[in-house]
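Working notes, structure below.
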Amino acid sequence: MVKGRIHSIESMGLVDGPGIRTVVFMQGCKLRCAYCHNPDTWNLNGGMEVTPEELMKKISRFKPYFERSGGGVTFSGGDPLVQPEFLLESLKLCKTSGIHTAIDTAGYGDGNYDEILKYTDLVLLDIKHINSDGYVVLTGRDTKDVNLFLEALRRSKTRVWVRHVVVPGYTDSKEHMEKIAKIINEEIPNVDKIELLPYHVLGVNKYEKLGIKYRLEGVEPMNKEKTNELQNYLISLVDNYKNSIDRIS
Ligand code: SF4
């Protein structure tokens with residue numbers, strides 16, 4: 001029987017897809033992002049073990065809230081793609097119940113992407129960096145596996161919201177935005193929304209508790225106004241963005 005491990009469930013997610021979302025935080029992530037707020041989800045063996053059916057029972061309790069708002073369920077983490085079988089079965093159960101599904105991912109998982117995307121209405125895709133060297137510095141891994149997910153995403157035509165964390169001194173230049181725009185234009189034709197997220201330091205205390213060194217020690221939180229300016233600049237460079245905005249508004 002398929003089982004998976006989850007960290008927690010949030011019933012009132014407002015930024016993890018359209019409408020009110022029930023957000024399932026799953027255990028396990030192969031990346032080690034320098035700014036990660038959820039290092040307690042990294043360990044695949046942590047959290048609580050459940051079957052997809054047990055998870056659905058928990059999700060069903062919140063259905064009246066998210067259904068009324070045009071929302072649904074978002075699988076987040078960690079990275080939900082690290083538990084592909086459990087994720088797939090859970091997505092299938094959601095779709096059988098007519099629930100809108102989203103996955104919040106960096107695209108760095110363990111395969112079966114085509115099948116998973118068949119049951120996914122929306123991907124919240126976190127682009128970590130624009131090149132392999134930067135990717136290694138920020139996440140500890142290279143971009144090879146992400147490219148496999150991007151290929152599957154293009155085949156699937158599942159809609160995408162792109163996200164990117166802006167870290168002062170690392171990912172906050174105009175040139176950086178130009179390169180992200182290039183990636184979106186060339187590799188992510190199904191984009192409906194682009195969000196830049198300013199780096200912040202909430203959650204840093206988790207590192208102390210877990211005894212993990214925090215690698216961005218001394219980096220100031222990203223200025224929100226500058227983040228908005230960069231976001232507008234990025235959006236202005238993305239070819240098919242206006243059309244997609246029409247579609248979701
Ligand atoms: S992909 Fe997400 S969960 Fe994994 S290390 Fe990066 S920020 Fe943390």
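Indexing begins at 1, ligand by ligand and atom by atom, following the structure's order.
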Centroid separation His164 to His176 less than 6.0 Å: yes

- request: Before giving the answer on side-chain contact (heavy atoms from CB on, under 4.5 Å), spell out for Met26 and Phe86 the whole-Å C-alpha distance, their side-chain angles and the decisive distance to 0.1 Å.
  value: CA-CA 10 Å; Met26 292 170 59; Phe86 175 66; 3.6 Å; yes

- request: Report the residue from Val166, Val167, Leu197 that forms a side-chain contact (heavy atoms from CB on, under 4.5 Å) with Met222.
  value: Val166

message: Run the salt bridge (Lys or Arg N to Asp or Glu O under 4.0 Å) test on Lys30 and Asp79 for me, step by step, so that the C-alpha distance in whole Å, both residues' side-chain angles and the decisive distance to 0.1 Å come before the verdict.
response: CA-CA 8 Å; Lys30 293 180 169 187; Asp79 196 315; over 6 Å; no

- line: Numbered in order shown, the ligand 1 atoms found under 4.0 Å of a heavy atom of Cys29 are 1 (S), 3 (S), 4 (Fe), 5 (S)

task: From atom 7 (S) of ligand 1, work out which of Lys128, His37, Arg32 has a heavy atom at the shortest distance.
output: Lys128

query: Can you tell me if Asp79 has a non-hydrogen atom under 4.0 Å from ligand 1?
result: no

- request: Heavy-atom contacts with Gly78 under 4.0 Å: which atoms of ligand 1 show up? List them by number with element.
  value: 3 (S)

message: What I want to find out is whether Lys206 reaches Asp40 closely enough, with some N-O distance under 4.0 Å, to be called a salt bridge.
response: yes

task: State whether Lys182 and Glu186 are salt-bridged, where the test is any N-O pair (Lys NZ or Arg NE/NH1/NH2 against Asp/Glu carboxylate O) under 4.0 Å.
output: yes

message: Give me the residue, atom name and distance of the protein heavy atom closest to atom 8 (Fe) of ligand 1.
response: Cys36 SG, 2.3 Å

task: Please identify which atoms of ligand 1 are closer than 4.0 Å to at least one heavy atom of Trp42.
output: 5 (S), 8 (Fe)

- prompt: Is Cys33 close enough that one of its N/O/S atoms sits under 2.8 Å from atom 6 (Fe) of ligand 1?
  reply: yes

